Trainee: 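Could you have a look at this structure, given as structure tokens, before my questions?
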Protein chains: 2
Amino acid sequence: MRPKLTDVAEKAGCSPTTVSRVINNYGYISQKTRDRVYAAMRELNYQPNTLARSLQGKQTKMIGVIMPSITNPFFAELVAAIEDKLEVDGYKMLLCDAGQDSEKERRYLRMLEANQVDGIIAGSHNLGIEEYQRYGLPIVSFDRDLSDQVPIVTSDNYQGGCLATQALVDAGCGHIYFVGNPVKTGHPTSRRFDGYADTVAAAGLTVHTARSAFYELPAAKGRELRELLTSGRKIDGVFCSDDLTAILLLKAAKKLGIGVPEDLKIVGFDGTQLVQNYVPELATIVQPIPDLAGTLVKLLYERIADPEKKLAQNSYLLPVKLLRNQTV
Amino acid sequence: MRPKLTDVAEKAGCSPTTVSRVINNYGYISQKTRDRVYAAMRELNYQPNTLARSLQGKQTKMIGVIMPSITNPFFAELVAAIEDKLEVDGYKMLLCDAGQDSEKERRYLRMLEANQVDGIIAGSHNLGIEEYQRYGLPIVSFDRDLSDQVPIVTSDNYQGGCLATQALVDAGCGHIYFVGNPVKTGHPTSRRFDGYADTVAAAGLTVHTARSAFYELPAAKGRELRELLTSGRKIDGVFCSDDLTAILLLKAAKKLGIGVPEDLKIVGFDGTQLVQNYVPELATIVQPIPDLAGTLVKLLYERIADPEKKLAQNSYLLPVKLLRNQTV
DNA sequence: ACAGATATGTCAATCGTTTGACAGAAAATA
DNA sequence: TATTTTCTGTCAAACGATTGACATATCTGT
């Protein structure tokens, strides 16, 4: 049997109330009693039952983190960074991989509510705004506008699009393509395209896009990219909306004997440690993953501390960096 | 205010007991009442408070998953697979990234106990066996012997080592190196080396190793590998104990103008989807991630259902597959 | 010696649910 | 009609903690 508070009290020779007071630092407690109680706790290897504490009104110290697929290195690193911050503050992470499945996301949302989590970090977006508003929980969102009441944290995708494209322009490209996810307008990541489009226009060049589905199989995507390169169109620069696509493009070019960067320059987006370490030649836009995680967590804490408090800002745009490498 | 059981009772015009009976399918309930209760629940958007239920004696339906760094694609895919299985059965996953930090792992272990998780899947191993035994929780282990009482699930690392090395031998290599983690004997992954060593010996060749730390920085590791290749030693085949190392080696060889597979053949280990998709030329040993996850989860369920039951097997060794590609 | 601060204890309510004991009513069966 | 079986309700105790009210005892310092 797991020891309980009364067992500790008995062992320490005091009342349950006193033990609770020690644990919660409440009321007057002499150092001597405090020591005796701690000794008893250690001896019995006592852990307060968090269920009981939370039921009584305390926080659960649990945060629900809803993300699409952590098998994507970017989300894996983001989740790892979030976990790291939360753990330091004694929070636990219920990880919810919602994938592309809105039913699953809905189930998870209900589940998180039933489990009385203190807050939610939402990075997966298969559901409408209303669904998120229904639950009166502190929420912060990554990469998506949910509502005025929900702060949103994103990288400065527009800036990233500009930086990437400008790098291609500066490198002398005259036929710059945008290759990436077919994003709905309004979605923050579509700002990458906007940055691209504006920069291309400012340079007096034309917009060319070859959009491919984010969740498409990589093999099919690779084939598509090879077709693009062999289509006879003039292409000397490509801004890919994510690094994984950029890697596929790089491979396609190599296979076709197209020199990178001589004949074709490439810039990706995301800049995970994984890609930086294992595809170090790829020029890319680096999202500030630790800062993103830090901001998400910090804002969530604020919401938890005071859910009613009006937000100073609704939107937090974090600067990105161009990592100039051999592919540009 | 969140609705509670009594609110549902009131709305449905029946007693709390009846509502509870409906929820728990307990005792006699007419279909009519059942329908009325469900209607009331839906109308109020009622979710039973899992804290209260669990406190009362029900399971928490929470599983602690302790892993080292999910930024490693292998663990990311393993965790994703585990999460997927658990969610189907209504379990939630508390993800604990213990990294290389034994203090953190200890904190997590205590925390999981305090949170009354139903069981633990342990894949991170910074702590001694005793620490795991102290907590009377159902545990299954990935890739490590904890004790007779804890079932262990692993890929057949020995078989993998053999397959990989044999592939190199068959391809005509005469100077085959083992490059990888400096693993302590006894650890399941050291069986990869054993398989390598036995196969090399059987072919009448000599064992050569160049071990490098798993958690070493990739840049340093890459440098080491380049040194290895330029050291003047005769090397025509390398079995890397993980794919990431294999990728670094591949890059080192390319940079040095060493032809792969003409001059140097390489086989890796892990075979994640990510690597298969984005480094498709790499020959590797594929760990059966979905099966590993399935087995871990299934065994954990059995332990939860009956913690006392003697284990049919203590160790589950899952077969691996050689993925023959251009690097061999 | 006495006020006030400090320390500890007892008791009971509370959090939201489950579940057993028991009673009584309605419905089904004999 | 009598007897089961089925349905629903009331009541209360539990789960393991927190916390407020209140009483009492032991220290301070003056």
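Numbers restart at 1 for each chain; the letters A, B, ... are given by sequence-line order, proteins then strands. Heavy atoms only: backbone and side chains are in, while hydrogens, waters and symmetry mates are out. Everything quoted here is computed from the prediction, not taken from an experiment.
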Trainee: A:Leu44 CG to D:dA17 P: how many Å, rounded?
Mentor: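 Taking CG of A:Leu44 and P of D:dA17, I get 12 Å after rounding.
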
Trainee: Atom CG of B:Leu55 to atom C1' of C:dC15: distance rounded to whole Å?
Mentor: 9 Å

Trainee: Please classify the nucleic acid contact of B:Pro48 as base, sugar-phosphate, or nothing, using heavy-atom distances under 4.0 Å.
Mentor: sugar-phosphate

Trainee: Go nucleotide by nucleotide along DNA chain D from the 5' end; which of B:Gly27 and A:Val19 gets its closest nucleotide reached first?
Mentor: B:Gly27

Trainee: Is the phosphate of D:dG9, meaning OP1 or OP2, less than 4.0 Å from a side-chain N or O of B:Thr18?
Mentor: yes

Trainee: Using whole Å, report how far CD of B:Gln59 lies from P of D:dC15.
Mentor: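 Going from CD in B:Gln59 over to P in D:dC15 covers 18 Å.
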
Trainee: Round to a whole Å and report the spacing from CD1 of B:Ile29 to P of C:dA27.
Mentor: 16 Å

Trainee: For the pair made of CD1 in A:Ile23 and P in D:dG16, what is the distance, rounded to whole Å?
Mentor: 14 Å

Trainee: Any side-chain to backbone donor/acceptor pair from A:Thr272 onto A:Pro73? Under 3.5 Å, distance only.
Mentor: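 Here the side-chain-to-backbone pair does not exist.
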
Trainee: Rounded to the nearest Å, what distance is computed from the CD atom of residue B:Gln47 to the P atom of nucleotide C:dT17?
Mentor: 11 Å

Trainee: Is the phosphate of D:dA17 approached by A:Tyr46 (side-chain N or O, under 4.0 Å from OP1 or OP2)?
Mentor: yes

Trainee: So, is A:Ser15 close to the C:dT8 phosphate, meaning a side-chain N or O under 4.0 Å from OP1 or OP2?
Mentor: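 It does not, given that no N or O in the side chain of A:Ser15 lies less than 4.0 Å from OP1 or OP2 of C:dT8.
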
Trainee: Looking only at side-chain N and O atoms, does A:Asp118 offer a donor or acceptor that is under 3.5 Å from a partner on A:Thr60?
Mentor: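 A donor-acceptor contact under 3.5 Å links the two side chains.
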
Trainee: Below 30° counts as parallel, above 60° as perpendicular, anything between as tilted: where do the rings of B:Phe142 and B:Phe75 land?
Mentor: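 It falls in the perpendicular class, over 60°.
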
Trainee: Does A:Lys58 put a side-chain nitrogen or oxygen below 4.0 Å from OP1 or OP2 of D:dT19?
Mentor: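 Yes, A:Lys58 has a side-chain N/O under 4.0 Å of OP1/OP2 on D:dT19.
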
Trainee: Do other residues, nucleotides or ligands put more than 12 heavy atoms under 6.0 Å from B:Gln273 CD?
Mentor: yes

Trainee: For a quick check, tell me whether the side chain of A:Arg21 and the base of C:dG9 share a donor-acceptor pair closer than 3.5 Å.
Mentor: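 Flag set: donor-acceptor pair detected.
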
Trainee: For A:Lys32 and C:dA7, what is the distance between atoms NZ and P respectively, to the nearest whole Å?
Mentor: 11 Å

Trainee: For C:dA7 and A:Tyr28 - does any side-chain N or O of the residue sit under 4.0 Å from the phosphate oxygens OP1/OP2?
Mentor: no

Trainee: Looking only at side-chain N and O atoms, does B:Thr17 offer a donor or acceptor that is under 3.5 Å from a partner on B:Ser20?
Mentor: no

Trainee: Tell me the interatomic distance from B:Leu5, atom CG, to D:dG9, atom P, rounded to whole angstroms.
Mentor: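 After rounding, the gap between these two atoms is 12 Å.
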
Trainee: Is there a side-chain contact between A:Asn24 and the phosphate of D:dT18, meaning an N or O under 4.0 Å from OP1 or OP2?
Mentor: yes

Trainee: Checking only heavy atoms, does the side chain of B:Gln56 share a donor-acceptor pair with the base of C:dT18 at less than 3.5 Å?
Mentor: yes

Trainee: If each of A:Arg34 and B:Thr6 is mapped to the nucleotide of DNA chain C with the nearest heavy atom, which maps nearer the 5' terminus, i.e. the 5' end?
Mentor: A:Arg34

Trainee: Determine whether any donor atom in the side chain of A:Thr17 lies under 3.5 Å from an acceptor atom in the base of C:dC11, or the reverse, and answer yes or no.
Mentor: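 Answer is yes: a donor-acceptor pair is held.
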
Trainee: Does A:Ser30 have a side-chain nitrogen or oxygen under 4.0 Å from the phosphate oxygens OP1 or OP2 of C:dT8?
Mentor: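 Answer yes for this pair, as a side-chain N or O of A:Ser30 is under 4.0 Å from OP1 or OP2.
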
Trainee: State, without any angle test, whether B:Thr50 and A:Asn115 hold a side-chain donor-acceptor pair at a distance under 3.5 Å.
Mentor: yes

